[in-house]
Structure formats: C-alpha cells, structure tokens
Amino acid sequence: MRSPKDFFAPLALGAPAPVREIPVTPSRMIHFFDPGNEKMAAKVPDIAKKVDVLLGNLEDAVRADRKEAARAGLVAIAKANDFGKTQLWTRVNSLDSPWVLDDLVTLVTEIGDKLDVIMVPKVEGAQDIHYVDRLLAQLEARAGLTKPLLVHAILETASGVANVEEIAGASPRMQGISLGPADLAASRRMKTTRVGGGHPGYLVRTDPTGEDLTEGRTTYQQDLWHYTVARMVDACAMHGILPYYGPFGDIRDVVACEDQFRNAFLLGCVGAWSLHPVQIDIAKKVFSPAPSDVAWARKVIAEMGDGTGAVMIDGKMQDDASVKQCRVVAELADALAADDPELAAAYDAATKEALG
Ligand SMILES: CC(=O)SCCNC(=O)CCNC(=O)[C@H](O)C(C)(C)COP(=O)(O)OP(=O)(O)OC[C@H]1O[C@@H](n2cnc3c(N)ncnc32)[C@H](O)[C@@H]1OP(=O)(O)O
Ligand SMILES: O=CC(=O)O
Ligand SMILES: [Mg+2]
C-alpha cells in the first residue's frame, strides 16, 4: 500500500506535481467522435463550440484496422486546433489490448499539453489505475509537461463495480467515473442486447385484484442501472471526483435518452456521453438545472439566512439539510451561467419572479 504522505509526490522524476483538487469545470456532455473518420473529424471544430468536452475515441466503435488512423487523426486534430474552454479528452484502448501502449506513448508525448483527461476503459480495480498512473508520470516527464493529465475510469466490468470505491481513490489523477452499461451488461452476463437504457421486461406488477391473474394489473418498467449509478455516485462523492452516465445507444429515441440522462442527473451525475450530435442538446438541457429549480434554490438560500434553524416556505419545511441541497443546485447554476449568458438570463428571470 502507498503511504498517504507520498500520495501527492510525482511518480517519476521530472513529472509535474499531482493535483490536490479535481478541477470542476462544466462537463455536461462528453462528445465522442472517431478521429480517423474524416466526416466526423471535419465537424469537430464546429461541434467544439457547442460541447463542454470533446473526446477522441480510440477504443470500441473504432475498427481494428482503423486504430492507428484514429490515433494519428487525434494527434493531427489536437495540433491543428485550439478548442478554447472546451476540454479535449481521449478514450484509449483497454489495458489488455495491443494498442494501448502506443496510444499512451504517442498521445502524451505528441499532444499531452492539449489533453485534459484520459479515459481508461474496462477498469477492474485499483491496480489498473496504478499502472496508468506510473506510466503517465514517466511520459509526462519525457514530454516536459507542466500540468498533470487526469484519469477517468469506465465502470463496465463486474469486478470494477465490486471495486469501485478503491478505483475512485486510487490516484490523485482520478477525475471521474462513467457508467459503461454495454460492456457491464456483457461482463455481468445480463440478458440484454442494448447500449444503455431500460428494458420492457424488467418490471414490477401490481397485485392481482381477483381470480384472473392477468386482469387489471399495472406494470411499471424499472431502471436496470439504478443500483450501479447510485454506487458509482457514492464512490465518487466519497473521493471528491465526478460521476457520469455513459452511452445511450438508441440515437433515434431522444425521449428515453432524456429520461435516462435525467435519472442520472437527479442521482448526482454531472454529465453523460453524447454519441451523436442529436444528443448534445439533450445533455445540455438535462445537466443544466431547470430555471424553476434554480429560482427555488436561491429563494430558500435567501430566506434561510445563516442556513440554520427551520422555516416554512410555500408550505414546505426547510432546514440545514434542504439549504445544503439548494446550494448544490445554485452553485452548479452559477458555474454554468458564468460562461452562458442565455442560461444566466433564464436563471435571473426565474429568480426575479420567485422572489417577487
Ligand atoms: C458502448 C460504447 O463504447 S459507446 C462509445 C463508442 N461509440 C461511439 O463513439 C459512436 C459515435 N457515433 C457514431 O459512430 C455515429 O454517430 C453512429 C454510427 C452512431 C451514427 O452515425 P451515422 O449513421 O453517420 O449518423 P447520421 O447519418 O445521423 O449522421 C449525420 C452526420 O453527423 C455526423 N456524425 C455522426 N455522429 C457524429 C459524432 N459523434 N460526432 C461528429 N459527427 C457525427 C455523421 O458523420 C454525418 O455526417 P454527414 O452529414 O457529413 O454525412
Ligand atoms: O463503453 C461503454 C459501454 O457502455 O460499454
Ligand atoms: Mg465499453
């Protein structure tokens, strides 16, 4: 076990000092693109203006014979563009693949100064993060980087879920964790064939009302991902890192996508992946608190004074615990509004109306 006092020492001579706090910048949507796909790559400069995070994907969804093209494409795109406040992330190939070593060596030494976060798929336990942590330090030292790269793990194996707390706390580089429902379903041997979302067969049914067991019994579809998202959120909150919902593969079903994203938002996630341009606005809408919620949160904060005691507002009891929830919503709204005048105006208008 590593001594806690060494936790913030660089893991290689000449590597930058690890961060002590994870930077909390907007990351409502992590937009995936294949850097080796010319059509997608051509859209990237425009898409960059609309998203919080752009992610050059090298792993699943990139054909084996296009892995090198994807890696080279990402290097070229990063060198040719300045994405301003939009973060640039990558998802490297899995640690058991023949490509990951070249992914890390090439990306860190060629464009390490342009990358913010490296997403690592199929993480099984802290040992995977430790491997990446040391290798990144060696490569950062070789590249002369002054800012450490952060690491994001995908929660998509049964052992990853069993070890999620130790993964979240495995390195000061840990920025966050995303749920990967597709690989996780396969790893768990679930009997689904989808990329995220619900399943009509996963349901509860009301009790029978008479002799006929088929009559008058309402069914309610349940959320297959509730347990895992909640566990992931707790592990992330415990270690001061950020939780995300991952992919929603039914691109056409924008309604269910919004529902899945909102469930994750309400449970504590800060963002989700957008696989297609149509999912960008869904994530933006869902992961930006609604103006009416922001107005309510600001009203409670204003009326609670120093935040202690109990008051009644519109027939509802408020105390220290509810004002803390309101601060979470209001602080997120302020952070998002700082870079988005339209959102800022919507929040201010709703607040004005609520406060009278
Ligand atoms: C389980 C997991 O690992 S999930 C993560 C891995 N998966 C991914 O990264 C998938 C990324 N997305 C995609 O590959 C594609 O969006 C697909 C395959 C789902 C759909 O692609 P298409 O069938 O081309 O969709 P569609 O025809 O609606 O695309 C419209 C345009 O948007 C472009 N486009 C589609 N997705 C993206 C994207 N993610 N980023 C940028 N541009 C995109 C298309 O190239 C197309 O361009 P064109 O108008 O110049 O022809
Ligand atoms: O990588 C994501 C997944 O769902 O698998
Ligand atoms: Mg996966």
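Just follow the structure's listing: the first ligand is 1, and inside any ligand the first atom is 1. In what follows, every heavy atom counts, from backbone to side chain, and hydrogens, waters and symmetry copies are set aside. None of the values given here were measured: they were computed from a predicted structure.
Using a 4.0 Å cut-off between heavy atoms, Arg194 makes no contact with ligand 2 at all. Contact annotation: for Gln279 versus ligand 1, there are no heavy atoms closer than 4.0 Å.
Residue, atom and distance of the protein heavy atom nearest to atom 37 (C) of ligand 1 are Pro277 CD, 3.5 Å. Counting only heavy atoms of the protein, atom 26 (P) of ligand 1 lies nearest to His276 NE2, 3.5 Å. The protein atom (non-hydrogen) at minimum distance from atom 13 (C) of ligand 1 is Met40 CE, 3.4 Å.
When each atom of ligand 1 is checked for a heavy atom of His31 under 4.0 Å away, the hits are 38 (C), 39 (N), 40 (N), 41 (C). Applying the 4.0 Å criterion to heavy atoms of Asp60 picks out, from ligand 1, the atoms 6 (C).
Taking a distance limit of 4.0 Å, we find that atom 47 (O) of ligand 1 is approached by some protein heavy atom. The nearest protein heavy atom to atom 44 (C) of ligand 1 is not closer than 4.0 Å.
We find the CZ-CG distance between Arg327 and Asp334 to be 12.5 Å, quoted to the nearest 0.5 Å.
For the side chain to side chain donor-acceptor pair (under 3.5 Å) test with Lys122, the passing option among Thr157, Asp60, Asp128, Asn93 is Asp60; the others fail.
A centroid separation of 6.0 Å or more is found between the aromatic rings of Phe32 and His276.
The N/O atoms of Pro181, backbone and side chain alike, include one that comes under 3.5 Å of an N/O atom in ligand 2. Here's the thing with Asp183: one of its N/O atoms is less than 3.5 angstrom from an N/O atom of ligand 2. Below 3.5 Å of separation, one finds no N or O of Trp273 facing any N or O of ligand 2. In terms of polar-atom proximity, defined here as any N/O pair under 3.5 Å, Leu179 makes no such contact with ligand 2.
Side chains of Trp99 and Leu58 form no contact here, defined as non-hydrogen atoms less than 4.5 Å apart.
The Mg ion (ligand 3) has no N, O or S atom of Asp60 inside 2.8 Å of it. Checking Asp183 against the Mg ion (ligand 3), an N/O/S atom falls under the 2.8 Å cut-off.
Considering just the N/O/S atoms of Glu156, the one nearest the Mg ion (ligand 3) carries the name OE1.
Taking a 4.0 Å cut-off on heavy atoms, Glu59 fails to register as neighbouring ligand 1.
Here atom 12 (N) of ligand 1 lies nearest to Leu275 when heavy atoms of Leu275, Leu55, Val278, Val51 are compared.
For the pair Arg20 and Phe8, the distance from NZ or CZ to the six-membered ring centre is under 6.0 Å and the angle to the ring normal is within 45 degrees.
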